[in-house]
Amino acid sequence: IYSSGLVDWPSRLLAKLGATENSIRMWHTACGVLPLATLSPGLRNLISSRVALMMGVLFVTNWHYLVYKSLLGGTEIALQTAWCAVVVGLIRLSQNRPADRWIGAGIGLGLLAKWTFGICILAAAPLLWKWKHQIKWTRMLCWTAVLGWPQIITVLALFSTSITIRSHD
């Protein structure tokens with residue numbers, strides 16, 4: 001089994017279809033809009049439009065952001081999108097608004113991209129604990145499972161001695 005994440009498959013497909021390296025980098029840069037698209041509906045009515053615009057401009061013009069998106073691709077885009085979703089969920093919780101979908105989808109997407117996203121979950125754990133009574137845990141875990149289900153295959157493969165896992169990392 002090759003463990004390349006699903007988030008890398010669109011770029012691999014483009015390469016197989018004959019896309020050049022530069023066109024794949026442009027694709028990655030264009031996909032860099034996903035974290036912003038995640039922040040936009042989640043922060044609507046929570047912060048002013050000027051603050052949202054300034055956050056977006058700073059985010060998109062950040063040198064590291066552009067380099068990671070163009071060179072590294074799907075995994076990094078998915079990880080930043082996932083963290084943006086978790087942050088939106090935490091902001092919504094702080095204002096007594098429902099956030100199960102945001103946090104669950106963010107965690108699921110993050111784990112789908114890389115297992116190491118678990119470290120980010122640990123960073124958010126104190127805030128999740130603080131607002132534990134506001135969270136509908138079943139709904140949040142359902143969203144996490146929907147997006148993170150492919151990783152279950154990897155976990156099951158770890159317990160089988162007949163399956164060899166090769167990683168791109």
Side-chain angles (χ1 to χ4, degrees), residues 1-12 27-47 51-52 55-56 58-60 62 64-65 68-69 71-160 163 165 167-169:
I1 294 176
Y2 180 70
S3 71
S4 176
L6 288 176
V7 295
D8 293 326
W9 289 8
S11 301
R12 287 184 172 272
W27 162 254
H28 291 162
T29 303
C31 288
V33 173
L34 287 175
L36 292 176
T38 303
L39 285 173
S40 178
L43 295 178
R44 188 179 306 131
N45 300 325
L46 296 179
I47 61 174
V51 171
M55 281 176 59
L58 290 173
F59 199 43
V60 171
N62 181 350
H64 301 289
Y65 180 82
Y68 290 141
K69 297 310 154 291
L71 297 178
L72 300 176
T75 302
E76 284 65 30
I77 293 168
L79 287 170
Q80 285 197 337
T81 303
W83 187 242
C84 285
V86 170
V87 168
V88 166
L90 293 173
I91 292 170
R92 293 178 66 85
L93 281 175
S94 74
Q95 297 182 345
N96 293 321
R97 294 178 182 218
D100 317 315
R101 174 178 45 135
W102 290 100
I103 295 172
I107 291 171
L109 181 61
L111 292 176
L112 175 64
K114 267 206 188 304
W115 281 104
T116 54
F117 189 75
I119 295 168
C120 296
I121 299 167
L122 291 175
L127 292 174
L128 292 173
W129 182 258
K130 177 181 179 181
W131 296 307
K132 66 182 177 223
H133 299 295
Q134 292 175 243
I135 299 172
K136 292 180 176 76
W137 291 96
T138 306
R139 187 182 309 171
M140 186 181 82
L141 292 173
C142 286
W143 277 100
T144 300
V146 164
L147 287 169
W149 70 266
Q151 291 292 15
I152 294 171
I153 296 169
T154 306
V155 170
L156 293 176
L158 291 174
F159 295 105
S160 174
I163 298 175
I165 300 175
S167 175
H168 67 288
D169 290 332

Distance, nearest 0.5 Å, that separates [atom1] of [X] from [atom2] of [Y]:
X	Y	atom1	atom2	value
Ile91	Trp102	CD1	CH2	10.5 Å
Leu79	Leu109	CG	CG	7.5 Å
Leu90	Ile103	CG	CD1	5.0 Å
Trp131	Gln95	CH2	CD	9.5 Å

Verify, without hydrogens or angle tests, whether [X] (side chain) and [Y] (backbone) share a donor-acceptor contact under 3.5 angstrom.
X	Y	value
Thr144	Gly104	yes
Arg92	Pro98	yes
Trp137	Lys132	yes
Asp100	Arg139	no

What's the shortest heavy-atom distance between [X] and [Y], and which atoms?
X	Y	value
Ala82	Gly106	CB-O, 3.1 Å
Gln134	Arg97	NE2-N, 4.4 Å
Ala124	Val86	CB-CG1, 4.3 Å

Is there a side chain to side chain contact (heavy atoms under 4.5 Å, CB included) between Leu128 and Ile135? Walk through the geometry before answering. CA-CA 8 Å; Leu128 292 173; Ile135 299 172; 3.7 Å; yes
Please check if atom CG in Leu122 has more than 12 non-hydrogen atoms from other residues, nucleotides or ligands closer than 6.0 Å.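 More than 12 heavy atoms, drawn from other residues, nucleotides or ligands, come within 6.0 Å of this atom.
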Decide if atom CH2 of Trp83 counts as having more than 12 heavy atoms of other residues, nucleotides or ligands within a radius under 6.0 Å.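 Correct, the count exceeds 12.
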